[in-house]
2 protein chains.
Amino acid sequence: MVIPVNQLRARGYRLTPQRLAILRVLNQVGTHRTPQEVYNLALKEIPGITEATVYRTLSFLTAQGLVLEAHVGNGQLVYECAEQVHHHLVCRACQATSMVDYADLQGVFRDLEQKTGYLIDSRHVALLGLCPDCQDKTEHTTNGKGER
Amino acid sequence: MVIPVNQLRARGYRLTPQRLAILRVLNQVGTHRTPQEVYNLALKEIPGITEATVYRTLSFLTAQGLVLEAHVGNGQLVYECAEQVHHHLVCRACQATSMVDYADLQGVFRDLEQKTGYLIDSRHVALLGLCPDCQDKTEHTTNGKGER
DNA sequence: TTGCTTATTGCAAATAGTTGCAATAACGAG
DNA sequence: CTCGTTATTGCAACTATTTGCAATAAGCAA
């Protein structure tokens with residue numbers, strides 16, 4: 001993937017080593033990254049980078065549309081590259097995530113836009129649920145705390 | 001709305017004044033509440049209640065399905081009563097929210113469940129976008145920072 | 001009603017995330 | 001290449017959220 005250098009500069013923003021490093025980190029792997037993970041990985045490239053910068057850069061990149069932000073499960077904020085439109089299924093028991101490129105969802109969004117007049121830009125929705133494995137496991141202990 | 005006292009007790013949990021107060025707070029108004037707001041309101045009923053308890057109770061009630069949790073906009077965690085299945089459209093410019101009781105979304109979820117085997121229990125999805133008003137406003141200044 | 005078990009709370013310390021501000025450095029202009 | 005403007009960073013203080021642990025009190029049984 002090509003880092004959209006020009007996009008940033010064209011909009012009057014600056015292309016700093018910190019931003020490049022963070023983009024590179026997010027490009028490395030195709031999965032979600034928490035701010036802490038991003039920080040640790042970026043630290044290898046930019047030894048002096050701070051957590052504050054990572055947090056600020058992540059929301060900046062999100063605002064610029066270069067990065068997608070999602071709340072996975074319990075409330076963990078995660079980030080990943082805004083390469084293509086896709087969604088996630090997250091198992092609330094085992095935290096497994098599957099990526100869903102679900103065209104139909106887009107269709108529904110489009111309908112919704114027509115009905116409400118909203119312009120929906122959620123290209124990254126995380127849906128909570130139970131994966132097949134955990135459905136089996138929790139069939140008997142519905143409590144989540146054991147039965148005592 | 002009736003607080004489902006029995007549900008909690010039946011599952012072996014206890015019905016404490018703190019939990020009742022928090023449920024009452026969330027029942028008072030039909031809108032989202034941040035943990036801080038819940039804390040402030042609960043404080044009026046239970047003078048000694050702590051923030052830790054509020055946070056713990058909110059996630060407890062969420063886990064029990066009595067309360068819905070959603071990330072609105074920027075990453076604010078908000079809670080509200082789990083009265084019925086519905087979703088939200090949140091304008092990322094003016095923070096306006098509209099409630100959507102959108103049966104079609106449920107249909108899509110059902111399809112997804114069939115394809116993936118997941119059991120989806122997201123009954124509260126917040127979709128980000130631009131409301132009609134803000135679309136007009138931002139037509140000219142797409143930057144969000146002025147143009148300088 | 002009294003006592004017992006143990007889920008839940010409050011407290012305080014720990015961790016996560018945000019923000020103000022002065023110093024730094026990107027990058028366009030000359 | 002050098003300079004000036006100002007976006008961005010680092011630092012440190014601050015706010016938000018989580019967690020361990022001992023004390024408390026729900027709710028069952030007698």
Side-chain angles (χ1 to χ4, degrees), chain A residues 3 5-23 32-40 42-43 45-64 66-67 69-79 143-148, chain B residues 3-23 33-40 42-43 45-64 66-67 69-79 143-148:
Chain A
I3 294 171
V5 175
N6 347 312
Q7 284 185 36
L8 282 188
R9 269 209 269 262
R11 296 184 204 176
Y13 300 112
R14 291 177 187 173
L15 203 66
T16 64
Q18 290 86 343
R19 286 180 178 170
L20 284 174
I22 289 174
L23 276 172
H32 292 145
R33 286 273 165 257
T34 66
Q36 290 301 318
E37 289 171 335
V38 173
Y39 170 67
N40 290 327
L43 214 45
E45 299 199 45
I46 314 268
I49 201 171
T50 62
E51 279 158 306
T53 298
V54 171
Y55 282 108
R56 266 186 298 215
T57 301
L58 287 173
S59 37
F60 167 78
L61 293 173
T62 301
Q64 295 308 308
L66 302 181
V67 155
E69 182 183 77
H71 287 281
V72 170
N74 38 55
Q76 272 258 275
L77 241 195
V78 294
Y79 294 86
N143 200 331
K145 276 193 104 162
E147 33 252 318
R148 77 156 342 231
Chain B
I3 294 172
V5 176
N6 347 311
Q7 284 184 37
L8 283 188
R9 268 208 269 263
R11 298 183 202 177
Y13 300 111
R14 291 176 186 174
L15 202 66
T16 64
Q18 290 86 343
R19 285 182 178 169
L20 284 175
I22 289 174
L23 276 172
R33 287 273 165 254
T34 66
Q36 290 301 319
E37 289 172 335
V38 173
Y39 170 67
N40 289 327
L43 212 46
E45 300 200 43
I46 314 270
I49 200 171
T50 61
E51 278 157 307
T53 297
V54 170
Y55 281 107
R56 266 186 299 217
T57 301
L58 286 174
S59 40
F60 167 78
L61 292 173
T62 301
Q64 295 308 310
L66 301 183
V67 156
E69 182 182 76
H71 288 280
V72 169
N74 36 56
Q76 273 259 276
L77 242 194
V78 294
Y79 294 86
N143 200 329
K145 275 195 103 160
E147 29 253 322
R148 87 155 340 258

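Letters go in sequence order (proteins before strands), and every chain restarts at 1.
Between its two ends, the helix from C:dT1-D:dA30 to C:dG30-D:dC1 turns its axis by 30°, counting five pairs per end and rounding to 10 degrees.
The nearest whole Å value for the distance from the CZ atom in A:Arg33 to the P atom in C:dG17 is 15 Å. A straight line from CG of A:Leu58 to P of D:dT9 spans 11 Å, rounded to a whole angstrom. Taking atom CD on A:Glu37 and atom P on C:dG17, their separation rounds to 11 Å, with Å as the unit. Between the CZ atom of B:Arg11 and the P atom of D:dG27 there is a distance of 15 Å, rounded to whole Å. The distance from atom OH of B:Tyr39 to atom P of C:dT9 is 14 Å, rounded to the nearest whole Å. In this structure, the CG atom of A:Leu20 is 12 Å from the C1' atom of C:dA26, given to the nearest Å. Residue A:Tyr55 contributes atom OH, which lies 17 Å from atom P of D:dC11 at whole-angstrom precision. The distance between atom CD of A:Glu51 and atom C1' of C:dT18, rounded to the nearest whole Å, is 12 Å.
The nearest pair of heavy atoms linking A:Tyr39 to A:Ile49 is CE1-O, 3.4 Å. Here the shortest heavy-atom pairing between A:Ile46 and A:Gln18 reads CD1-N, 4.2 Å.
Of the candidate nucleotides D:dT9, C:dT19, D:dG20, D:dG20 has the atom lying nearest to any side-chain atom of B:Arg56. The A:Thr50 side chain lies nearest to D:dC11 when the options are C:dT9, C:dG17, D:dC11.
Under the salt bridge (charged side-chain N to carboxylate O under 4.0 Å, His left out) criterion, B:Glu45 pairs with B:Arg24, sequence neighbours left out.
Neither OP1 nor OP2 of D:dT9 sits under 4.0 Å from any side-chain N or O of A:Thr53. At least one side-chain nitrogen or oxygen of A:Gln18 sits closer than 4.0 Å to the OP1 or OP2 atom of D:dG10.
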Which donor-acceptor pairs under 3.5 Å do side chains of residues 53-60 of chain A form with protein atoms, sequence neighbours excluded?
{"from": "A:Thr53", "atom 1": "OG1", "to": "A:Thr50", "atom 2": "OG1", "distance (Å)": "3.0"}
{"from": "A:Tyr55", "atom 1": "OH", "to": "A:Gln36", "atom 2": "NE2", "distance (Å)": "3.2"}
{"from": "A:Thr57", "atom 1": "OG1", "to": "A:Thr53", "atom 2": "O", "distance (Å)": "2.7"}
{"from": "A:Ser59", "atom 1": "OG", "to": "A:Tyr55", "atom 2": "O", "distance (Å)": "3.1"}
{"from": "A:Ser59", "atom 1": "OG", "to": "A:Arg56", "atom 2": "O", "distance (Å)": "3.4"}

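Of the possible polar contacts, one joining the B:Arg19 side chain to the B:Arg14 backbone as a donor-acceptor pair under 3.5 Å is found.
Of the two residues contacting DNA chain C, namely B:Ala52 and A:Ser59, the nearest-nucleotide position lying further toward the 5' end is that of B:Ala52. Summary of the strand contacts: A:Ile46 and B:Pro35 both lie near DNA chain D, and taking for each the nucleotide with the nearest heavy atom, the more 5' one is attributed to A:Ile46.
Residue contacts for A:Gln36: at a heavy-atom cut-off of 4.0 Å it reaches the sugar-phosphate backbone alone, with no base atom in range.
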Can you pull every protein N or O that's under 3.5 Å from an N or O on nucleotides 27-30 of chain C?
{"from": "C:dC27", "atom 1": "OP1", "to": "A:Arg9", "atom 2": "NH1", "distance (Å)": "3.0"}
{"from": "C:dC27", "atom 1": "OP1", "to": "A:Leu15", "atom 2": "N", "distance (Å)": "2.6"}
{"from": "C:dC27", "atom 1": "OP2", "to": "A:Arg9", "atom 2": "NH1", "distance (Å)": "2.8"}

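The shortest side-chain heavy-atom distance between B:Ile22 and B:Val67 does not fall under the 4.5 Å cut-off.
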